[in-house]
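The structure appears right after this line, and notes come after that.
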Amino acid sequence: MSALRPSTIFTSAMLATAMLVGACLPASAQALNSATGNNALIRQNDLQILQNRVQRQQYQQQQQQYRAQDRQIVRQPPPVVQQLKPGCQTQIIGTTAVSNCR
């Protein structure tokens, strides 16, 4: 399996940190006044945007890995099938076609 890119590791770490900070807030701290509540909504939206970006990036990297694996698969050539010569030969003599079958 290929190594993770540093940007993916950093982004994943940032996302995990943001999720831990949000999960560790006490319930009383989440009851904010309207001005601060708007900021909390904005932060929540930013977190959702970040999660979507990380998921999209992980999906794209997975697809790249699948494509790389598909390119590595050695495709077998089609089998060689000998073709028989036809048993009948047609000769044109003048305006007449004559078939000789063996």
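A distance of 11.0 Å separates CG of Asp46 from CG of Leu41, quoted to the nearest 0.5 Å. Note that CG of Leu50 is 10.0 Å distant from CD of Gln55, once rounded to the nearest 0.5 Å. Within the model, atoms CD of Gln60 and CZ of Arg56 stand 7.0 Å from one another, a figure rounded to the nearest 0.5 Å.
With sequence neighbours excluded, the residues satisfying side-chain contact (heavy atoms from CB on, under 4.5 Å) with Gln48 are Gln51, Asn52. For Val81, the side-chain contact (heavy atoms from CB on, under 4.5 Å) criterion is met by no residue, not counting sequence neighbours. With sequence neighbours excluded, the residues forming a side-chain contact (heavy atoms from CB on, under 4.5 Å) with Ala68 are Arg71, listed by chain and number. Here Gln63 pairs with Tyr59, Tyr66, Arg67 under the side-chain contact (heavy atoms from CB on, under 4.5 Å) rule; sequence neighbours left out.
Counting Ile, Leu, Val, Met, Phe, Trp and Tyr side chains that sit under 4.5 Å apart, directly or through other members, Ile93 shares a hydrophobic cluster with Val98.
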